**Student:** 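Sending over a structure as structure tokens; questions will come in a sec.
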Amino acid sequence: MARIIGGIASTHVPAIGKAIAEKKQNDPYWKPFFKGFDYVHYWLAREKPDVAVVFYNDHGLNFFLDKLPTFAVGAASEYRNEDEGWGIPVSRSVPGDPALSWHLINALVGDGFDITMCQDMLIDHAVTIPMTLMWPGQRWPVKIVPVSINTVQHPLPSLARCLALGRSIGRALESYQQDLRVLIIGTGGLSHQLDGERAGFINKEFDELCLDKIVNDPEALTRYSIHDWVELAGAQGVEFLNWMAMRGALTGQVTQVHRNYHIPISNTAAATIVLENAGTAARHAA
Ligand code: DHB
Ligand code: FE
């Protein structure tokens with residue numbers, strides 16, 4: 001049976017890719033951010049996931065404003081990156097797991113999520129930057145199922161809906177027959193706004209509330225509307241929807257084993273968390 005080992009959430013700012021290409025990890029600006037990944041590397045080396053479900057938002061590489069699904073699930077055997085114009089190296093491709101993708105798609109549709117299924121899907125910096133941070137300088141040891149959530153063109157799905165999406169995927173993973181160690185990834189955030197009068201907006205107090213609630217009380221965050229969220233976290237702070245879905249997919253007893261928060265990285269409040277998930281089997285054994 002598949003086992004959900006835990007979740008990692010990470011900022012996906014493209015400038016991180018440039019810093020890596022220019023080997024700036026130890027520069028004073030970057031060090032407090034990159035140091036926050038030491039524990040992530042230790043944890044991943046110990047936990048050895050086989051596959052990762054990645055909740056992220058596409059920024060115009062695969063979907064554009066003309067056709068923008070609310071939820072899209074990849075069902076490809078490989079996902080390619082392309083130049084998005086950020087001046088960062090094009091990333092290597094990531095292998096997919098079509099059998100697992102179709103299992104999740106069937107379960108989601110069965111649960112009433114009218115998702116878009118993508119047998120061909122480009123992945124942008126919102127997938128490649130967090131993966132590069134998690135497994136630097138090595139071949140990525142996981143296959144992925146990318147799940148794209150619209151955080152770009154309003155109306156966006158609610159926080160409650162994204163939590164429910166994650167829960168549906170979590171239940172589907174627990175019923176998957178293959179012995180797989182599954183990692184759940186959520187990318188983006190925390191507070192940031194890239195354009196308009198409030199460009200550069202960051203809200204540390206609200207970020208701290210989110211970091212606390214996402215661990216033990218994600219339901220508490222569902223009382224905020226998307227418009228509340230834009231006001232409190234900035235126009236791009238809504239990328240937190242990916243964190244909500246990640247948290248929803250953690251079905252068991254969740255423990256935060258690592259957290260790093262550093263402002264700013266580019267225009268963004270950069271945050272990294274690692275959540276362990278004591279799943280059903282582990283709970284029964286205890
Ligand atoms: C930045 C943040 C993002 O989430 C993104 O997708 C692109 C850029 C930034 O802070 O520069
Ligand atoms: Fe983004």
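Residues: numbered from 1 along the sequence shown. Here the structure is a predicted model, which means the values were calculated and not measured. Atoms within each ligand, like the ligands themselves, are counted from 1 in listed order.
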**Student:** To the nearest 0.1 Å, how far is atom 2 (C) of ligand 1 from its closest protein heavy atom, and which atom is that?
**Tutor:**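 Of the protein heavy atoms, T268 OG1, 3.4 Å lies nearest.
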
**Student:** Does the side chain of T128 come within less than 4.5 Å of V94's, by heavy atoms?
**Tutor:**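 Side-chain contact under 4.5 Å: no.
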
**Student:** Can you confirm if the aromatic rings of W229 and F206 lie within a centre distance of less than 6.0 Å?
**Tutor:**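 Aromatic pair counts; centres sit under 6.0 Å.
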
**Student:** Around atom 5 (C) of ligand 1, find the nearest protein heavy atom and jot down its residue, atom name and distance.
**Tutor:**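 Here the nearest protein heavy atom works out to H125 NE2, 3.6 Å.
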
**Student:** Examine the proximity of ligand 1 to L194 and report which part, side chain or backbone, both or neither, has a heavy atom under 4.0 Å away.
**Tutor:**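 For L194, only side-chain atoms sit under 4.0 Å from ligand 1.
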
**Student:** Below 4.0 angstrom from a heavy atom of W86, which ligand 1 atoms are there? Numbered from 1 as shown, please.
**Tutor:**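 Counting from 1, the qualifying ligand atoms are 7 (C), 8 (C).
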
**Student:** Looking only at N, O or S atoms, find the one in E239 nearest to the Fe ion (ligand 2) and name it.
**Tutor:**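 E239's closest N, O or S atom to the Fe ion (ligand 2) is named OE2.
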
**Student:** Using a heavy-atom cut-off of under 4.0 Å, does the side chain or the backbone of H192 touch ligand 1, or both, or neither?
**Tutor:**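 Contact part for H192 vs ligand 1: side chain (C-beta onward).
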
**Student:** Nearest non-hydrogen contact with atom 9 (C) of ligand 1 belongs to which option: G234, S266, A15?
**Tutor:**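 Shortest heavy-atom distance from atom 9 (C) of ligand 1: S266.
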
**Student:** For the residue pair F34 and Y29, is the inter-centroid distance of their aromatic rings smaller than 6.0 Å?
**Tutor:**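 Judged by ring-centre distance (under 6.0 Å), F34 and Y29 do not meet the cut-off.
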
**Student:** Please report whether the ring centroid of W86 lies less than 6.0 Å from that of H125.
**Tutor:**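 Yes - the distance between ring centres of H125 and W86 falls below the 6.0 Å cut-off.
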
**Student:** Are any of the N/O atoms on H12, whether in the backbone or the side chain, positioned under 3.5 angstrom from an N/O atom of ligand 1?
**Tutor:**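 H12 vs ligand 1: N/O contact under 3.5 Å present.
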
**Student:** Could you tell me the angle subtended at the Fe ion (ligand 2) by NE2 of H12 and NE2 of H59, rounded to 10°?
**Tutor:**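 The NE2/NE2 angle about the Fe ion (ligand 2) sits at 100°.
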
**Student:** Return the residue, atom name and 0.1 Å-rounded distance of the protein heavy atom closest to atom 8 (C) of ligand 1.
**Tutor:**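 For atom 8 (C) of ligand 1, the nearest protein heavy atom comes out as P14 CD, 3.3 Å.
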
**Student:** Do T255 and E276 have side-chain atoms, one donor and one acceptor, less than 3.5 Å apart?
**Tutor:**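 Short answer, no.
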
**Student:** Do N57 and N150 have a side chain donor and acceptor closer than 3.5 Å?
**Tutor:**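 No donor-acceptor contact under 3.5 Å links the two side chains.
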
**Student:** Could you tell me which non-hydrogen atom of M1 sits nearest to which non-hydrogen atom of S175, and how far apart they are?
**Tutor:**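 In this case the closest contact between M1 and S175 is CE-CA, 4.1 Å.
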
**Student:** Considering only heavy atoms, does Y56 approach ligand 1 within less than 4.0 Å through its side chain, its backbone, both, or neither?
**Tutor:**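 The answer is neither.
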
**Student:** Verify the distance criterion only: is there a donor paired with an acceptor across the side chains of H262 and N260 at less than 3.5 Å?
**Tutor:**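 No, because no side-chain N or O of H262 sits under 3.5 Å from a partner of the opposite role on N260.
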
